[in-house]
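This report concerns only the one structure given below.
Numbers here simply count residues along the sequence, with the first being 1. First listed ligand is number 1; within each ligand, the first listed atom is number 1.
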Amino acid sequence: MKIIVIGGVAAGMSAAAKAKRVDKNAEIIVYERGEYISYGSCGIPYYISGITKDFNSLIQRTPEDFYKKDIKVKTNHEVIKVFPKENKLIVKNLKNGEVFEDNFDKLMVASGASAIVPPIKGKELKNVYTLKTLEDSIKLKKTLISKEIKKVAIVGGGYIGVELAESMVKLNKEVCIIEAGERVLNVFDKEISELVQEELRSKGVQIRVKEKVEELIGEEYVKAVKTSENTYNADIVIMSIGVRPNTEFLKDSGIELTEKGAVIIDNYMRTNYKNIYSAGDCAVVYHRVLKENTYIALATTANKMGKIAGENMAGGSRSFPGTLGSSMLKVMKLQAAMTGISEAQAKAKGINYETNFIKAKNHVSYYPDQTDLYIKIIYEKDTHRLLGAQTLGKDGAALRIGVFAAAIYNDMTLEEIALMDLGYTPPYATAWDAVNISAEATI
Ligand SMILES: Cc1cc2nc3c(=O)[nH]c(=O)nc-3n(C[C@H](O)[C@H](O)[C@H](O)COP(=O)(O)OP(=O)(O)OC[C@H]3O[C@@H](n4cnc5c(N)ncnc54)[C@H](O)[C@@H]3O)c2cc1C
């Protein structure tokens, strides 16, 4: 059996490695249009800030490592067309321009996503960057090293924008986040994202909300960002307004895509063609609470779903139980995390919900460094079933989200969560843990 994988990062390499483990005789070829494979994009902000010194340490395995396992990885090879009915595709060698045909028995589309650049004047100026791939981060890092680069404008205050703002502060740059929405980090509800904003501002990050970027000004190099309200000087601009699936090459192929271009798959990672699979940032993911397909670009799901696709391509029948969109990030001294749905999502979905927002403590008062731990919960009004949770604090906030994720996954109610037997010792928790308290204080 011959398996071709398009894309060599989280979903693609998870699929290739698993397929080979399940079927040792399978011939596996990975086409990756970039230079690097199998790296942790999530570590990019820490490479930019200098906490992670060498970008090579973000790379888990090289093409040579995979060749040793009999998986042929071809970097600088872009798949430009897929013909599902004929089980063939067209590949372009980006080094020498050669275009050739290859065929497959099973195909895995793991082409990920690219940063969105809005169609504004000046977007092609020098020192305007996006940050999605390892190549992007190497280029950006080279520019940032220059002492001439003092003012950094980050367009978009989502996860990546906020993480990058921290990296820029660490590099002693003046940083301004320009966000079109009402606040940064607006996948979180207001209670949490406003605390994040306060933290960023207290560390010198300028935040401009409700301002839409209209133009980038400069001749050869960018000099300023013009928004709907103001003009801000900038030596460098980083566009981080979101990502869109890399699926242009599938248009007209017959593989079903959503309106926004994400590959439609089922819980076995199968597309509408029974021998073509997909997963990761290029595909939809089933949401366990919303009970519908969503588009959430996260490494956690890309890795798991990629592995499932690999197993199934090699003859398995494992299914993915759905995402909760669980995610976390570090913002200066704060940890923020969320799982399940936000209040905004519950409202949009027409769910009969209630919420509670509490302030608890990370551990007992008589042990040093006690800090506040904020928790917001979203639950079904009639059943008290937990639908979502968000946490924020200086210590113990990020990993506590895992308890809420397990509770949502298992349809637990507030009454059950309140009395769940969580561990306690003074340096790490309180006898009623903050998670228990969030539920007990609500019922
Ligand atoms: C700065 C940053 C921080 C992040 N932090 C986190 C985090 O903390 N937690 C988290 O869960 N997620 C995080 N993410 C998201 C996470 O990195 C992605 O969800 C994950 O990389 C998706 O993996 P993927 O394999 O689906 O896609 P990608 O990583 O996008 O890889 C797809 C690959 O396919 C290649 N490709 C595309 N089209 C073709 C083609 N036609 N032919 C050949 N090759 C092609 C691309 O070059 C690319 O290398 C972060 C992302 C970034 C950029």
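On a distance-only criterion, Glu32 and ligand 1 share at least one N/O pair closer than 3.5 Å. Remark: ligand 1 and Glu163 share no N or O pair separated by less than 3.5 Å (distance only, no angle test). Polar contact with ligand 1: present for Val79 (N/O pair, distance under 3.5 Å). Of the N or O atoms in Met328, none lie within a sub-3.5 Å distance of an N or O in ligand 1. The shortest N or O to N or O distance between Val9 and ligand 1 is not under 3.5 Å. Any N or O atom pair closer than 3.5 Å counts here, and Asn246 shares no such pair with ligand 1.
Closest to atom 52 (C) of ligand 1 by heavy atom, among Ile160, Leu89, Ile6, is Ile160.
Residue-ligand proximity: Ser327 is placed with every non-hydrogen atom at 4.0 Å or more from ligand 1. Contact analysis puts His77 in contact with ligand 1, with a non-hydrogen atom separation below 4.0 angstrom.
Ligand-side atoms of ligand 1 in range of Leu131: 53 (C), range being under 4.0 angstrom from any heavy atom.
With a 6.0 Å cutoff to the six-membered ring centre and a 45° limit on the axis angle, Lys88 counts as a cation-pi contact of Phe83.
The side chain to side chain donor-acceptor pair (under 3.5 Å) search around Thr247 returns none, not counting sequence neighbours. Here Arg183 pairs with Ser193 under the side chain to side chain donor-acceptor pair (under 3.5 Å) rule; sequence neighbours left out.
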